[in-house]
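From a predicted model like this one, the values you see are computed outputs, not experimental measurements. The sequence lines fix the lettering, A, B, ..., with proteins before strands; numbering per chain opens at 1.
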Amino acid sequence: MCVGVPAKVIEKQEFSALVDVMGSRTTVGIIFVPEVEVGEYVIVHAGQAMSIIDEEYAKESVEEWRKLTDARTS
Amino acid sequence: MCVGVPAKVIEKQEFSALVDVMGSRTTVGIIFVPEVEVGEYVIVHAGQAMSIIDEEYAKESVEEWRKLTDARTS
Amino acid sequence: MEKRISLAHGDGGELSHRLIKSVFVEAFGHNNEAMFDASALTIPVRDIAVTTDSFVIKPVFFPGGSIGKLAVAGTVNDLAVSGAKPLYLTCGFVIEEGFEISDLRAIVSDMAKEAKKTGVTIIAGDTKVVERGSADGVYINTTGIGIYENGRKPSLQFTEGDAVIISGTIGDHGIAVLAERGELGISVPIDSDCASLNTMLLKVCEEIDDVRIMRDPTRGGLATTLVEIAEDFSLTIVLNESSIPVREEVHGMCELIGFDPLYIANEGKAILIVPNEHKDKVMEILLQFPEGKDAAVIGEVTGTEKGQLLLETPLGSKRLLTRLAGMMLPRIC
Amino acid sequence: MEKRISLAHGDGGELSHRLIKSVFVEAFGHNNEAMFDASALTIPVRDIAVTTDSFVIKPVFFPGGSIGKLAVAGTVNDLAVSGAKPLYLTCGFVIEEGFEISDLRAIVSDMAKEAKKTGVTIIAGDTKVVERGSADGVYINTTGIGIYENGRKPSLQFTEGDAVIISGTIGDHGIAVLAERGELGISVPIDSDCASLNTMLLKVCEEIDDVRIMRDPTRGGLATTLVEIAEDFSLTIVLNESSIPVREEVHGMCELIGFDPLYIANEGKAILIVPNEHKDKVMEILLQFPEGKDAAVIGEVTGTEKGQLLLETPLGSKRLLTRLAGMMLPRIC
Amino acid sequence: MQELLKQSSNPEILKPLLQAVKEKAAEFISLYGRKPAFMEVCGSHTMALAKSGVKQALREDVSLISGPGCPVCVTDQHSIDSMIALAEGDGRIICTFGDMMKVPGSRQSLMDAKINGKDIRVVYSPVDSIRIAEENPGKEVIFLGIGFETTIPILAILVEEAYKKGLGNFSIWMTTKLVEPILRHLLNCGDVMLDGFLLPGHVSIVLGEEAYSFLPEEYNIGGVISGFEPAELLSGIYKLLDIAITKDTRIINDHPSVVTKSGNVVAKQLMEKYFSLCDEAWRGIGSIPSSGLSIRREFDQFDAKKKFKVDPGEPKKTKCRCGEVIRGLINPTDCVLFGKACNPMKPVGPCMVSAEGSCAAYYQYMRECN
Amino acid sequence: MQELLKQSSNPEILKPLLQAVKEKAAEFISLYGRKPAFMEVCGSHTMALAKSGVKQALREDVSLISGPGCPVCVTDQHSIDSMIALAEGDGRIICTFGDMMKVPGSRQSLMDAKINGKDIRVVYSPVDSIRIAEENPGKEVIFLGIGFETTIPILAILVEEAYKKGLGNFSIWMTTKLVEPILRHLLNCGDVMLDGFLLPGHVSIVLGEEAYSFLPEEYNIGGVISGFEPAELLSGIYKLLDIAITKDTRIINDHPSVVTKSGNVVAKQLMEKYFSLCDEAWRGIGSIPSSGLSIRREFDQFDAKKKFKVDPGEPKKTKCRCGEVIRGLINPTDCVLFGKACNPMKPVGPCMVSAEGSCAAYYQYMRECN
Ligand code: SF4
Ligand code: SF4
Ligand SMILES: [Mg+2]
Ligand SMILES: [Mg+2]
Ligand SMILES: [Mg+2]
Ligand SMILES: [Mg+2]
Ligand SMILES: [Mg+2]
Ligand SMILES: [Mg+2]
Ligand SMILES: [Mg+2]
Ligand SMILES: [Mg+2]
Ligand SMILES: [Mg+2]
Ligand SMILES: [Mg+2]
């Protein structure tokens, strides 16, 4: 439905932020995530940050995969 | 002051005429020479026929030259 | 197939592939399109001539030809006037988005026809597509390779008395195209002279020992080309105004808009400078060809020290001719 | 001299003459402009390669190069990948009225520099000027002539197991230029890979006996070029997705706008298919050159019957790659 | 964080994860004697599954059915024709996502209209169209507003901006779609048998996990909200298998790093402020009541449908079966046109145009390597 | 008729005719001990004399002085700067005769403005500018109206057409010149000694033979109305010599095939209807009262000078001596810039731009063949 890309917030203005996607940089709207802070990651869709990525949850997901994985590679 | 070219009238409309300049053809205004007739020659300047060429006078001029000339070549 | 060219026809993908296959490869008669992008060949001799020209004419179809015919003839002529036998041509197309593919086909077919007629092979090609408004229809670059056989090269050595010959009427191409553009509302019933001159010119080189130089007076016209020759080789060249062949229609259009036929482009004419004693023989050869039927001796080399071109008027006065200075524009004064 | 190009710079008269003298002849180091229009030369051998390309890039200056550098490198590379040593180049300019002459000078100087670096001589040229709005700045056609010495030509004979090598990261040129255009508001800190590869590639041909083929994956990118090879020679080629070198920044930009690096243009990369037993040696040679420092073995020829290109994903699944189908457009889905 | 993100495509994780899914699927098969069937609702899921090779790798294990979640594919022919007819008017600049450019209308596509000289501009970010409107006061600038709930809030921003700036020459041609109504429609029709839904991660950012509670509650079917990276896809399928096996029908949020319980409040408020429910026509399905959003009356001046009259006439009938494809009733390969008359170069239906269309994904990534 | 016309450049006529003129000039010289001096009023005469070689052929026999009859050359610097400033405004299409394109203003020429992206169009026929105005309703179309009495009636047609069609976006920037006032001015100043005027054949078509009666009557100087072909030029000079020798001071109409006694009535009426006398600035001379025509008050809406404010600032001073050249006070070669800093590629003054400018004619046709 929608291309969405993780991007790191580099600079923040009132309604927009400069973000970095593996070195490529662009300015996105932050109307939907006004609380975002520099250093955080957001999901960008059509020039807008739609959501802040929660690092804790991201870690948990990876750990979950590792558990499933470990059961099979060890 | 003004480029002026002799052109032969080929077709005539109310305000314009198709003229021929040694084979090149263009439409010119005849507002200044409404009386012009097909077959006559006009002087064209900037897309307008400015004057009808009087063949009699033209002939006379050439004859005048010839007279001056004959005195010298004979 | 689509009706019009899109940007995708130029992006190297599936559409480019199809365009090349269905338009170019078919017309130029290659059996695989790899050959179309680059070409390996073995040439008969090691003395070659190379020339390149881009063609940007508007309109792309005009009485007497098209940009396709022109792109082949123009480059063939540049080789021929250097005394080389044209063998190979490359072509590079820049096409505007929205250009009709049927028009492209017609242009490419004209190229193929003219190439066949002149005996050159189109060995490599390229197509690029630019956005609407970033070109005016189509631009074609052709680069030609010719060979020098049997010491045909013009000598570039001049002496006083050398005759200057033009192979036909001047200004036909420029005036035919200008009229065809329609902007001035003037119609002129003549065709562009667009033609390949290689057969005729190489015949002259074969039959005449010491052709001095040959040049095709394209952009800038007869006067500009002769000024260049005069300057490059420090010659005084005197042209005889009344012997320069100009069609009545060309003269008429020039009078109307204040242009000078001496500066109008030709695309099927050559200037030849030859030893005075050979001028009749050269004329005889030229007059045998349809492309040379209006050839005329129009002047001579009168000095070999100063680079200048002079025109002798019917009154016997001489005046200096310079290069075309700036564009010619239709004028009232 | 004027600041901007006018139509009169292209009409063959005095201004054309000056432009050629002051911009082209000076940069390309000819001592008279007659040489600039057509050129007679004696080439060392009779086996030659000829290629032509028109360059229409926007913007004309971009990180890592300019249309001038590109026009030389692009044609040099087309010769080099065919195994030929590039010797001569012609160039044809189509310039838009109003183009800054200082920009033209910079472009021509880039051409001269790149030509010098790669050892090619620019032997003929042409300039045409079109009305404002009939071009986008400047278009350049270059036609290249190279020679085959010492049987360097790739064999075009393939066997199962042949290794597919790319000489570096893919997509740099297309992404750098797209970003530089500024329309998407995305900046990417990378340079176009625009570079002449002749020294590196001819070194490979010298050292390795049986190079199968070399190609520069320009428009259409790596995938399109390999599809063409696969189809032209009825090969099954399998690429290993994770071994294809892609810069992070290129990957990032592609993610943002929904592009695929496999289809993005390169201007300083070559695909080499070589016998499996030579792949390490080839890699060793490539890695010695700055242009080859990111070279990687990215796949192999697995069959010589069907023409198809497959991509093996990290999961081990294989999928068919086709030519770029229509233009890539930034998308949200 | 970047390292964490990379893990989702780490082959060392992917291969055992695939193994785990295969084992789980085998468990299902041995239990029920048939392959489990899940529908990925989202077109981006369709594409990601195919491009990463997950779909191919699970061909024997799980039946993954492509759903109606590609906004281009579900746009009906009349709507497409209307947008193209709109573009044909003089003095207009049409702004669109790249996705719409090649969609075939009855007579031509937007791309064709552009080739024929119409001013049609592809924007990456919709707000660029506001700038274009400001720069071209003498022209009407119309944004083609397609999309599901991820994109719709961004269209709301457009209306807000245009309103604040008092732009008289800007409007949106809305033809948006909502997830819940189409899922309900599919389930109500009952013509696809499903063991669960792979739910769209990005739409869920806006809607929130709770938006799907009607699935288990009203239809007794479960779902997993999933991301788009290979590991996320495999994990999502693994959890769907788990639900199907355990019959513990529920919604699992397997993308909690970006999807919250109640979604993005600002985005939902903006949608509410500027848009109201309307009936929408879905390709091959027909009109579904309250399945889309249109601009509220108060903001009529930005509603291109109110501003411009277009009559594209009756759509041309084709043999395209997109309607059935997006309902999961048939596979793209069941369409007689697939790969022949219909291919990415000359698409017959929108499912072959959009990168995330089922037919395009099949064509690009799933065709047999013969 | 075509055959008759061709006679005027028939070498068999020209050479003896030249001989006759030379003999007549010798008669004058033997009588007065000096070369006769005639002024060709018209720039087209200057060019025709030079191009045909008549001027060169008579170098030793007759002093032919170029007069003020090149409309481009007599346009003063401020006027030129104003037209260019006008062209620099946005949303305008400037239509002009090709003649004006390269005239150097203080900062740039119209050609430069075009190269810099301004919409400036060269028309052959002024009425084309009416069509352009109709085709571009969103733009202001301005015709640069230069010229003497041959061209002015055509500008009157423009006003008439624009008025009839009610064009709101069309106007003319008038900077026209009249023959009689400038001749009077030259004679009043008395700084050129002349034995007669070679009078302009085409202007006389409109004005008629009678328009010059003030010359013999008030200034006791004769004139011959002449055509532009070589034989016509020679004949005209022959008759001027005759007048000068016989002292039978009068006006001879040597172009009676197109010039009548009272000129073209329709043209004169149209001029009268739409234009009224105004002061005009002449290059190097300054303002001469009632020496030009401007659009009558009733047709103000077509008067670009009323419609647009332009302030080009003070003209840049150059060493150009066009003012003296057009008054016949110096030869172009007397200007230090001639052929060096000033040449047709980079003209400093308008006399070097116009094909019929004295400096350009000298440069193109008269330079020594060295
Ligand atoms: S293959 Fe083409 S025609 Fe068939 S359903 Fe898909 S999009 Fe429609
Ligand atoms: S030569 Fe040039 S500067 Fe001198 S008077 Fe003539 S136009 Fe003016
Ligand atoms: Mg050439
Ligand atoms: Mg040429
Ligand atoms: Mg030539
Ligand atoms: Mg190419
Ligand atoms: Mg165009
Ligand atoms: Mg090439
Ligand atoms: Mg290339
Ligand atoms: Mg290549
Ligand atoms: Mg050339
Ligand atoms: Mg442009």
Less than 4.5 Å to any heavy atom of chain B: does that hold for the side chain of F/Leu270, its backbone, both, or neither?
side chain
Go through the atoms of F/Ile157 and report whether side chain, backbone, both or neither lie under 4.5 Å from a heavy atom of chain B.
side chain
Flag the pair F/Ile225 / F/Ile252 as yes when at least one side-chain heavy-atom distance between them is below 4.5 Å, and no otherwise.
no
When the 4.5 angstrom heavy-atom criterion is applied to B/Val21 and chain F, the contacting part is neither
Applying a strict 4.5 Å limit to non-hydrogen atoms, the region of F/Thr260 in contact with chain B is neither
Going by the side-chain contact (heavy atoms from CB on, under 4.5 Å) test, name the single residue among F/Thr150, F/Ile205, F/Val259 that passes it with B/Ile43.
F/Ile205
Residues F/Asp254, F/Lys239: salt bridge by 4.0 Å N-O rule
yes
Pick whichever of F/Gln269, F/Met47, F/Gln2 has the most heavy-atom pairs under 4.5 Å with chain B.
F/Gln2
Any side-chain donor paired with an acceptor under 3.5 Å for F/Ser44 and F/His202?
no
Counting heavy-atom pairs under 4.5 Å to chain B, which of F/Gly147, F/Gly227, F/Ala231 comes out on top?
F/Ala231
Determine whether a donor-acceptor pair (N or O, by modelled atom type, separation under 3.5 Å) exists between the side chain of B/Glu40 and the backbone of B/Glu37.
yes
Chain F heavy atoms under 4.5 Å from B/Glu60: which part of the residue, side chain, backbone, both or neither?
neither
Please classify the contact between F/Val127 and chain B as side chain, backbone, both or neither, with a heavy-atom cut-off of under 4.5 Å.
side chain
Bottom line for F/Ile154: the part with an atom under 4.5 Å from chain B's heavy atoms is both
Using a 4.5 Å cut-off on heavy atoms from C-beta on, say whether the side chain of F/Glu232 contacts that of B/Trp65.
yes
Between atom CG of F/Asn253 and atom CD of F/Glu209, what is the distance when rounded to the nearest 0.5 Å?
4.5 Å
